Structure formats: structure tokens, C-alpha cells
Amino acid sequence: MRDAAPPLPASTSPEGHSETHVRAACPHDCPDTCAMEVTVAGGRAVRLRGAADMPFTNGALCTKVAHYLERVYSDQRLTHPMKRVGRKGEGRFERISWDEALDTIAARYREIAADDPRAILPYSYAGTMGLVQGESLDRRFFHRLGASLLDRTICAAAGAHGWKATVGAMIGADPEAVGQAQLILIWGGNPVVSNVHGWRYLQEAKRRGAKLVCIDPRRSETAARCDQHIAPLPGTDGALALAMMQVLIEHDLLDHDYIARHTLGFEALAERVRAFTPAWAAPLTGLDAAQIRALALDYGRTPRSLIRLNYGLNRCAGGGMAVRNVACLPALTGAWRHAGCGALLSTSGNFPVDGRALARPDLYPDAGRFPPRTLNMSVIGEVLLETRDPPVRAIHVYNSNPVAVAPDGNRVRGGFAREDLFCVVHELFQTDTADYADILLPATSQLEHRDVHSTYGHFYAVANAPAITPLGEARSNTEVFRALARRLGFAHQALYESDEAIAASAFRAGDARAAGLAEGLQTKGWARLALPQPFVPFAEGGFRTASGKCEFHSDALAREGYDPLPAWHPPAESVLSNPALAARYPLALITPPARNFLNSSFANLPRFLAAEVGPTLQIHPDDAAARDIADGARLRIHNDRGDFLARAVVTRDVRPGVVCAPSVWWPKLCEGGRNANAVTSPATTDMGGGPIFYDCLVEVSAR
Ligand SMILES: Nc1nc2c(c(=O)[nH]1)N[C@H]1C(S)=C(S)[C@@H](COP(=O)(O)OP(=O)(O)OC[C@H]3O[C@@H](n4cnc5c(=O)[nH]c(N)nc54)[C@H](O)[C@@H]3O)O[C@H]1N2
Ligand SMILES: Nc1nc2c(c(=O)[nH]1)N[C@H]1C(S)=C(S)[C@@H](COP(=O)(O)OP(=O)(O)OC[C@H]3O[C@@H](n4cnc5c(=O)[nH]c(N)nc54)[C@H](O)[C@@H]3O)O[C@H]1N2
Ligand SMILES: [Mo]
């Protein structure tokens, strides 16, 4: 299969320059994965648009990527390799050649690997979601080296675990059919900001008279546009879902036929939730029992309902179980029977991505002396400071900015500051993480390399052909790993495969869902999976669990040592679950994505910084008054882990007891040099080892 379309026919611009149009894919970590069209004239990208012919993109880009060329051609781009000349973290570098950079890295990796290759740790996440630049040659190289493996948990690990235990795969309702739902619960997500193309389809339901309810501790941009906003305390969604199940069962608002044929463990579930009444959940969630009951009755009386989850609710100590509890609901009412109904967390499980062909885990050396070791990216501070046998002696960071985005930032910084840690950072920009590099390498942008993308928000694969030559001396991730493999004398040809060849084997060609994919990617630059339209995955059961049913009772969870039934997992830090801590730090901090940033990407570019104005903390008037905080006041937000500074926004968009700091700012661009992750917790979720960014008690004071 060919991955990417050749350039579309050339045209002539009004000025008479010859223009070419290249098909591209938005690389960012967002459910929308847009198809784009780049116009190139005289070797320069001059225009970039959302592909008009791709249904989900529909000719539109978000506020960030509409200005993507400002990122590509930013004067902040790194354009040549550098080595550190200042102290760690100081960010002072001196230009070197690629040969010197690669020789230095190869020599250090060879030396460390001779003792124990597991002392080398790759660190990457979703700077690009491309299958080629994000999870192919990098994985192959580090597998062949025998480096420590990285557990990539920082975003979705808990929710994915809870969802899969219940439904079986990252598959759910058809995002293009959601307009047919009559009741939509938007739960732990803010699609107006972080899934704006998906929001268009949700609005279609609204236009047809559907009721939209947003479940979010704060009045988000999305909540403000819904018919109803329900604001539970952070980390309490699991309790809310349990109480909803109790009401559905008590009032017999159940699809008995669906339950009998397509679910497992209903009797045990009914027994389990008997005590989880709205009165029980009310103090935990901070909601009225009547409000919980009304929501459940509404839900139970509207089988054509959709729950659009996102990952907001999975960033708390009980995040895995919370998503599991929510995922049980549509099987009780039979909502899965109807097009665009049921629930949707992610569409990624529909794509027949050939992970083994991409990553080649078989290249890992025979265990023998060094059995494989896996380290969790979400606790990178602890990993760098405390791991022994062997300690991490080298870290290779690409596609990620851990010093900004990982929790417990002061410890992360402490780890990266280790004088004895050899740190390679491959980046487009000099991030806070880059400041800690010993060797800093310039990376290509999406317009400068080839890739192919699956996605987690729709059913279209998207190809990305290079539109322009790399800026300066920038090199792509795959090029760097090919060059390092050569220097380390690795012979396996899989380490030298071309980007085209890798892209061509990214999807399992024999899988029925991939039928026509190669051709579509080649001719149009995008292609829909061969799934029925609308795709109603569980109308007749067919869950992807071991039993083939929606598992209210999960043997798989029991085997992993979890409660096999839905349960209540409280937050790690809240007034009720940790009163001693709350006595000192009474406010629950959440730090969801800011509209103009994408995690920490875009957070260094003038347009987006101007749009976000500066780090802010939203605080309720009652909490502000109790602390003599006026709107616009300079605040210090702190707990035992650290502090950061922000301006007060006094607003009823947050409820009393909850404060919100839109994120993720570059620490070095904040007053004080720290961002919200200076206070977030290094504890991990009940399932999957994910971070608990939104489970964090703080105190706030005016400065
Ligand atoms: N503009 C923009 N778009 C993005 C991103 C970005 O940074 N900026 N990030 C991308 C990434 S990495 C991801 S993973 C996706 C998904 O992004 P997510 O991180 O899931 O973020 P959102 O969809 O913005 O919604 C999260 C919502 O959950 C709410 N929330 C916080 N705590 C709780 C809780 O305990 N319970 C409930 N019910 N809600 C809670 C927050 O207030 C927020 O409105 O979006 C992607 N899209
Ligand atoms: N407090 C708080 N923290 C959070 C979150 C939150 O909601 N609150 N959200 C969390 C979530 S959901 C996620 S997914 C993580 C995201 O964390 P990351 O995946 O680290 O995302 P970014 O911050 O966007 O950093 C990606 C970096 O990769 C670089 N990059 C892009 N393309 C390439 C390439 O082709 N090659 C190389 N070498 N580099 C490239 C970009 O320039 C950018 O600096 O952050 C998490 N952190
Ligand atoms: Mo994420």
C-alpha cells in the first residue's frame, strides 16, 4: 500500500507563480486528525487549508492549525544541532555538526549498552501522532538496542483500561451518526475546544431537538453551549455513574432483552449498586440527590442516547473505574441498538494498525542477561531520581515535552538536572525540556516529512506527503534513528526501511476494514475505513471482550487483582477522601487544555500566547472573598509539592471548592518559571498507571 498522495496537479496563482498542492495530515494529539491541503510556491508553503472533500474535516481547521505556517516558519525553530555549554537546564548551547552530534550520541549509547542497555530510556508521546514518525523506527531502534521500554500512560491509560474491561476494545458509537441521538451526555470532555470537528456533529443533534448535557466540574466552553450543566466535584464521576445505575434498576428503566442477550453479570451488578443511591452519591459528588435522580431518569427514558466521554474524568485516582462505570450505562438501557447512540470514548480500535510490523518488538535481544524492563512515563521524576538496577543513565526525548507536561514538575526537573544523566532532546523548539539537553537536535515539522495517520476521533486514515524541504538542517525522527543505527553498526534491514515502506505496511492489508484504504490514501490523501455507514458496533452485541458481552462482571479485571464489579474509587485528594490534607489545602485544582494551546505545543508562539493573555486561575467569588482575592489579582497556588503563579479570574464558571488553571504553559514563559504541574501529584490511577492531573488539592493566596 502506498501511504501518501502524490502532489495534486499544479495550478497557476494570480501572480503567475506555479503552485503545487500537497495533501497533508494534522499531526497533533487531537481526536479530529484533519486532512489538509498545502499550497507550495517557489519551494515555500504559502497556504494551508482543511481539506474540503474530507467529510470530518469539512474544509475547516481549528484556531491553532489554521495558523500552522506560523509554527512551521517560526523564527524560534531549531535549525541545527547543538551541544550544551552552560549548566543543565540553563539552555545555553553551541552549534555543532550532525556528524559530531550523532557520533557523540552513538559513543555514549554504545558505552552504556556495554554495561546494561536498559540504562538507556526513550521518552516520547504524541508530539506527532503519525505512525511513521511516532511509533516505527524509534521503537525498532530502541528494541534492537535493548533499552528500557516506556509505558506511554500520560493521557489515556486509565480510561482505556476501564473501557476495555467493559466493552473490549477502543470502539464505540459512530461519530458521524451522533446527530441521531436524542439525549447526549458530554462527560469529561470539552469538544468546543478539543474536538471542534466532532462538536459540529453533536450540534446537529441539538438542531434536531436533542438535549445536550455537559458533565464537568467547571462551566467549560462546551457546558456553556449545552442545555444543562452538571458539575460534580473532580474525581467523583464513578459515584455519579453508580447512582445512575441504581436509579435505572430501581425504576426498571432497562432493556431486559438487551441485558439478557448481550451483557454479563447483571444480577451481581444489581446487587452491587443497591446501596449506591443518589443520596449516597450526593455528598461525594457535591450534587443534589434530586439532580442525580433526574439525570438518571432522563437517561433511562431516552434509549436513543449517547455518552460522549473524553479523558477529563480519567485523570483522577479512580479514573479507570470511573470510565468503566460510565461504560456500563448504555448496555442497561439498550442505547447501543441505535445509530449514533451508546457511548464513544475513542475510535482508535477500529483501525487495523499493524503495531508489530511498525515497532518490531522481535528485534529486542534475547532476554538472557538483561530481561526487558518497562518504566512508566507518568512518573518520570521518580524514574530518573530513584530507579536502580540499573539507574537511567541516558534519556532520549522526542515528540514530548516532559518538563512542561509531566506531573510533579519539580521532581521532573530534579531528574533532568542530574549531572550524570546523558540527555538527548530532538525538538522543533527550545522547550523547557530542551534546556536540559546535552545534545539538542532540530526536528522537522509535519510539512517536511512523510507520514500516515490513524485517529481516535473518526473513521478516516489520513496521509501526509512532504510539502517542503526541511528547514535549515532539521531531520525527521526516522532519519535520526536510521543514522544512529548505522553508527552503532546494527545490521537488521528493518532499521533502515524508508518512510514510504513503513507507511505502506502500517495497516494490516488483509484486514477487511483496510479494504480500499491504500487506494484512497494514494488518490485523495484520506480514506474511510471499510465499515458500514452508520457503524452501529454493538447493536447485536458482539462486544470485543472475552465473553463477547458487555461485562458488568469482568473476570479479566479479577485476574488483574481488581474488583470484578463496578465500584467506587474515591479521589486521592479531596475534602472527603483526605480531610487532613484538605484542612491545609482545601481547593481542588483542575488544569484542562487551554483553547489556544495543544498540551504545551503552540504555547511558545506569539499569536497563541497573546490569545491566552497569561496564566490564569478561575476561582469562585465565595472562595475569592474568603481570601481577599480580587479579579485580576496576582496569585500563588501552592501545596507541599510546589507552587506556581497566575492571575485571578473570579467567576461562577467554577463551583466553590474548585479552581481551574487552563494549561499547559511553558514553565519558562511563566512568571516564576513554573507552571501548574509544579503542584500536580505523582500518584497514579487505579488502572493503567496514568497520571492524576485533576486530583490535586491546593491553597491559593494573593501576593
Ligand atoms: N485545543 C486543544 N485541543 C486538544 C488538546 C489541547 O491541549 N488543546 N489536547 C488534546 C489531547 S492530548 C487530548 S487527550 C484530547 C482530549 O482532551 P481532554 O484532556 O479530555 O480535554 P477536554 O476534552 O478539553 O476535556 C476535559 C474536560 O474535563 C473536565 N474535567 C476535569 N476534571 C474532571 C472530572 O473529574 N470529571 C469530569 N467529568 N470532567 C472533568 C475539564 O474541566 C475539561 O473541560 O484533546 C486534544 N485536543
Ligand atoms: N497539568 C496538565 N498536564 C497535562 C495535561 C493536562 O490536561 N493538565 N494533559 C496531558 C496530556 S492529555 C497529554 S497527551 C500530555 C501531552 O504531552 P506531550 O505529548 O509531551 O505533548 P506536547 O506538550 O504537545 O509536546 C510535544 C512536543 O513534541 C514536539 N514535536 C512535534 N512533532 C515532532 C516531531 O516530528 N519530532 C520530534 N522530535 N518532536 C516533535 C513538539 O514541538 C512538542 O514540543 O500532557 C499531559 N499534561
Ligand atoms: Mo492527551
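These numbers come from the heavy atoms of this one structure, side chains and all, not from hydrogens, waters or symmetry mates. On a predicted model such as this, the values are computed, not experimentally measured, just so you know. Residue numbers run from 1 in the order of the sequence given. Read the numbers this way: they start at 1 and go in the same order the structure lists the ligands and their atoms.
- Contact between R218 and A223 at its shortest, heavy atoms only, is O-CB, 4.2 Å.
- The protein heavy atom nearest to atom 45 (O) of ligand 2 is V405 CB, 3.4 Å.
- In this structure, A594 counts as a contact residue of ligand 1, since one of its heavy atoms falls inside 4.0 Å of the ligand.
- In this structure, A126 has a heavy atom closer than 4.0 Å to ligand 2.
- Separation of atoms OG (S124) and CD1 (I154) is listed at 11.0 Å; rounding is to 0.5 Å.
- Side-chain contact of Q133 with D451: a donor-acceptor pair under 3.5 Å is absent, judged by distance alone.
- Regarding atom 10 (C) of ligand 1, its nearest protein heavy-atom neighbour is D29 O, 2.8 Å.
- Using a 4.0 angstrom heavy-atom cutoff, Y125 does not count as in contact with ligand 1.
- No cation-pi contact links R152 to Y125, judged by a cut-off of 6.0 Å to the six-membered ring centre and 45° from its axis.
- Side-chain N or O atoms of N675 include none that pairs as donor or acceptor with a backbone N or O of W666 at under 3.5 Å.
- If you look at F608 next to ligand 1, there are no close heavy atoms at all, none under 4.0 Å.
- Distances from ligand 2 to the non-hydrogen atoms of V480 include no value under 4.0 Å.
- If you check the side chains of Y201 and N195, you find no donor sitting under 3.5 Å from an acceptor.
- Side-chain N/O atoms of T222 and N190 include a donor and acceptor closer than 3.5 Å.
- In this structure, CG in D435 is found 3.5 Å from NZ in K668, a value given to the nearest 0.5 Å.
- Using a 4.0 Å cutoff on heavy atoms, Y311 does not count as a contact of ligand 2.
- Annotation for ligand 2: atoms under 4.0 Å from non-hydrogen atoms of T431 are 44 (O).
- Considering OG1 of T680 and CG of D408, their distance stands at 6.5 Å, rounded to 0.5 Å.
- Interface atoms of ligand 1 facing D237, defined by a heavy-atom separation under 4.0 Å, are 34 (C), 35 (O), 36 (N), 37 (C), 38 (N).
- Nearest protein heavy-atom contact of atom 6 (C) of ligand 2 is T591 O, 3.4 Å.
- For ligand 1, the atoms sitting less than 4.0 Å from at least one non-hydrogen atom of K64 are 1 (N), 2 (C), numbered in the order shown with element in parentheses.
- Put simply, SG on C328 and CE on M245 are 4.5 Å apart, with the number rounded to the nearest 0.5 Å.
- Counting protein heavy atoms only, atom 42 (O) of ligand 2 is closest to E427 OE1, 2.8 Å.
- Contacts with ligand 1 closer than 4.0 Å are made by side-chain heavy atoms of R315 only, the backbone lying farther away.
- The ligand atoms of ligand 1 that sit less than 4.0 angstrom from a heavy atom of C155 are 14 (S).
- Listed by chain and number, the residues in a ring pair (Phe, Tyr, Trp, His ring centres under 6.0 Å) with Y299 amount to none (sequence neighbours excluded).
- Each of the following atoms of ligand 1 lies closer than 4.0 Å to a heavy atom of R595: 1 (N).
- The ligand atoms of ligand 1 that sit less than 4.0 angstrom from a heavy atom of P217 are 30 (N), 32 (N), 33 (C), 34 (C), 36 (N), 37 (C), 39 (N), 40 (C).
- Nearest-residue assignment for atom 12 (S) of ligand 1 (options T236, N599, I215; heavy-atom criterion): N599.
- Close approach of ligand 1 to W187 is summarised as follows: ligand atoms under 4.0 Å from at least one heavy atom of the residue are 38 (N).
- One distance of note links CZ of R674 with NE2 of H638; it measures 12.0 Å at 0.5 Å rounding.
- Within the structure, ligand 2 has R71 among the residues with a heavy atom less than 4.0 angstrom away.
- Under 4.0 angstrom from ligand 1, the non-hydrogen atoms of C316 all belong to its side chain.
- Remark: the H453 side chain and the N464 side chain contain no N/O donor-acceptor pair separated by less than 3.5 Å.
- At a heavy-atom distance under 4.0 Å, only side-chain atoms of I590, from C-beta outward, approach ligand 1.
- When the options E135, H426, H449 are evaluated for a side chain to side chain donor-acceptor pair (under 3.5 Å) with N477, the one that passes is H426.
- Every atom of ligand 1 is numbered from 1 in the order shown, and the set under 4.0 Å from a heavy atom of F597 is 1 (N), 2 (C), 6 (C), 7 (O), 8 (N).
- Ligand 2 has a nitrogen or oxygen under 3.5 angstrom from a nitrogen or oxygen of N677.
- Listed for the Y123 side chain is a donor-acceptor partner under 3.5 Å among the backbone atoms of M377.
- Between D499 and R482 there is a salt bridge, with a side-chain nitrogen of the basic residue lying less than 4.0 Å from a carboxylate oxygen of the acidic one.
- Using a 4.0 Å cut-off between heavy atoms, P592 contacts ligand 1 through its side chain alone, with no backbone atom that close.
- Atom 18 (P) of ligand 2 has S400 OG, 3.9 Å as its closest protein atom, hydrogens excluded (heavy atom only).
- The shortest contact between atom 15 (C) of ligand 2 and any protein heavy atom is with I154 CG2, 3.9 Å.
- Distances below 4.0 Å separate heavy atoms of L598 from the following atoms of ligand 2: 24 (O).
- Using a 4.0 Å cutoff on heavy atoms, Q446 does not count as a contact of ligand 2.
- With T285 contributing its side chain and A281 its backbone, the two residues share a donor-acceptor pair below 3.5 Å.
- Between Q133 and ligand 2 there is no heavy-atom distance shorter than 4.0 Å.
- Closest protein heavy atom to atom 31 (C) of ligand 1: Y694 CD1, 3.1 Å.
- Heavy-atom proximity to T444, at under 4.0 Å, picks out these atoms of ligand 2: 35 (O).
- Listed by number with element, the atoms of ligand 1 under 4.0 angstrom from any heavy atom of G235 are 34 (C), 35 (O).
- Counting non-hydrogen atoms of other residues, nucleotides and ligands closer than 6.0 Å to NZ of K64 gives a total above 12.
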